[in-house]
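Before any comments, here is the structure.
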Amino acid sequence: EVQLQASGGGLVQTGGSLRLSCTASGFTFDDYAVGWFRQAPGKEREGVACVSMSDGTTYYTDSIKDRFIIIKEKDKSAVYLQMYSLKPEDTAVYYCAAAPVRRINMMMPTTAGAYDTWGQGTQVTVSS
C-alpha cells in the first residue's frame with residue numbers, strides 16, 4: 001500500500017524551531033516531487049515548500065522563505081521540513097504530499113490537486 005507518514009509537529013513558542021518528517025512506504029520517492037502544505041482553521045490549504053527528488057529543485061512560498069528549509073533524503077524515502085523562527089501565523093496542520101515530478105510545475109508547485117498521495121497531517125502550534 002502506498003502511504004506517506006507525516007510527523008514531528010508540536011507546540012512551540014514564537015521564535016522556536018521544529019522539524020517535520022515525511023516518509024514513504026510502499027513506494028520510493030525516485031522521480032517524485034514532494035510538497036509540504038498547511039491548513040489553518042478556516043483557511044484554504046496552502047502549499048509552502050516543495051522539492052524535486054530527481055534534481056533537487058526547491059520551491060518556497062514567500063511567507064516562509066529564509067525560515068523554512070526542505071531537505072530530501074532519497075535513500076531513506078524521506079523529506080523533512082526544518083522550520084526556524086516560527087510565528088503564530090505558522091500555526092496549522094501540516095501535510096506532505098507526493099506526485100510524479102513530471103506532473104508538477106516546479107515554478108509554482110502549490111496546486112494541491114496535482115498531488116495524488118497525501119500524508120495524514122501533523123499539527124504545528126506556535127504560541128505567542
Side-chain angles (χ1 to χ4, degrees):
E1 183 181 1
V2 172
Q3 285 187 329
L4 290 178
Q5 178 77 30
S7 61
L11 172 64
V12 295
Q13 292 184 331
T14 296
S17 301
L18 279 175
R19 182 175 167 114
L20 306 183
S21 299
C22 177
T23 54
S25 60
F27 73 111
T28 62
F29 277 151
D30 295 357
D31 299 322
Y32 271 74
V34 179
W36 283 98
F37 291 76
R38 66 186 182 185
Q39 189 164 19
K43 294 189 176 180
E44 292 187 356
R45 191 167 294 191
E46 172 193 25
V48 297
C50 183
V51 62
S52 165
M53 301 300 281
S54 59
D55 66 7
T57 301
T58 57
Y59 167 88
Y60 298 95
T61 196
D62 286 345
S63 62
I64 59 89
K65 273 182 184 175
D66 300 324
R67 298 191 297 120
F68 292 10
I69 303 171
I70 190 166
I71 303 162
K72 66 179 181 74
E73 287 197 22
K74 200 171 183 179
D75 58 343
K76 294 183 180 180
S77 288
V79 172
Y80 307 99
L81 187 67
Q82 179 66 55
M83 306 186 294
Y84 299 102
S85 302
L86 284 161
K87 304 175 181 180
E89 52 263 43
D90 295 318
T91 294
V93 178
Y94 283 70
Y95 302 86
C96 62
V101 69
R102 67 183 182 276
R103 295 198 348 223
I104 301 299
N105 175 7
M106 287 303 299
M107 296 296 289
M108 188 58 67
T110 55
T111 302
Y115 295 81
D116 50 15
T117 303
W118 288 80
Q120 83 286 7
T122 184
Q123 176 72 47
V124 172
T125 302
V126 185
S127 63
S128 57

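These numbers come from a predicted model, not from an experiment.
- The OG1 atom of Thr58 lies 9.5 Å from the NZ atom of Lys65; values are rounded to the nearest 0.5 Å.
- Distance CD/Glu46 to CD/Gln39: 10.5 Å, rounded to 0.5 Å.
- One hydrophobic cluster, built from ILVMFWY side chains closer than 4.5 Å, holds both Val79 and Val48.
- Atom NZ of Lys74 is surrounded by more than 12 heavy atoms from other residues, nucleotides or ligands within 6.0 Å.
- The two residues Leu81 and Ala49 make their nearest non-hydrogen contact at CD1-CB, 4.0 Å.
- The distance from the CD1 atom of Ile71 to the CD atom of Gln82 is 5.5 Å, given to the nearest 0.5 Å.
- Of the possible donor and acceptor atoms, one in the side chain of Gln120 sits under 3.5 Å from a partner among the backbone N and O of Ala6.
- Residues Phe27 and Val34 share a hydrophobic cluster, clusters being chains of Ile/Leu/Val/Met/Phe/Trp/Tyr side chains in contact below 4.5 Å.
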Test side chain to side chain donor-acceptor pair (under 3.5 Å) on Ser52 and Ser54; report intermediate values, then the result.
CA-CA 5 Å; Ser52 165; Ser54 59; 2.9 Å; yes

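- Linking ILVMFWY side-chain heavy atoms closer than 4.5 Å, directly or via other members, places Val126 and Ile69 in a single hydrophobic cluster.
- Summarising the geometry of Thr122 relative to Gly8, their closest heavy-atom pair is OG1-N, 3.9 Å, with the distance given to 0.1 Å.
- Residues Ala40 and Thr91 come closest through the heavy atom pair CB-O, 3.6 Å.
- Considering every non-hydrogen atom in both Pro100 and Asp116, the closest pair reads CD-OD2, 4.2 Å.
- Looking at Asp90 and Lys87, no side-chain N of the basic residue comes within less than 4.0 Å of a carboxylate O on the acidic one, giving no salt bridge.
- Applying the side chain to side chain donor-acceptor pair (under 3.5 Å) test to Gln123 and every residue at least two apart in sequence or in another chain returns Thr125.
- Note on Leu20: it clusters hydrophobically with Tyr84, by side-chain heavy-atom contacts below 4.5 Å among ILVMFWY residues.
- Taking CZ of Arg67 as the reference point, atom CG of Leu86 lies at 6.5 Å (rounded to 0.5 Å).
- With rounding to the nearest 0.5 Å, the separation of OH in Tyr59 from CE in Met108 is 4.0 Å.
- Separation of atoms OG1 (Thr110) and OH (Tyr60) is listed at 15.0 Å; rounding is to 0.5 Å.
- Met107 is not connected to Val51 by any chain of hydrophobic side-chain contacts under 4.5 Å among Ile, Leu, Val, Met, Phe, Trp and Tyr, and they are in different clusters.
- Nearest heavy-atom pair across Pro109 and Cys50 is CG-CB, 3.5 Å.
- With Phe37 as the fixed residue, the ring-ring contact (aromatic ring centres under 6.0 Å, His included) test singles out one of Tyr95, Tyr115, Tyr94: Tyr115.
- The shortest heavy-atom contact between Ser21 and Trp36 is O-CH2, 3.5 Å.
- Side-chain contact between Ile64 and Met83 is absent, with no heavy-atom pair separated by less than 4.5 Å.
- Within a 6.0 Å sphere centred on CG of Asp75, other residues, nucleotides and ligands contribute more than 12 heavy atoms.
- Counting heavy atoms from C-beta on, the side chains of Phe29 and Leu4 come closer than 4.5 Å.
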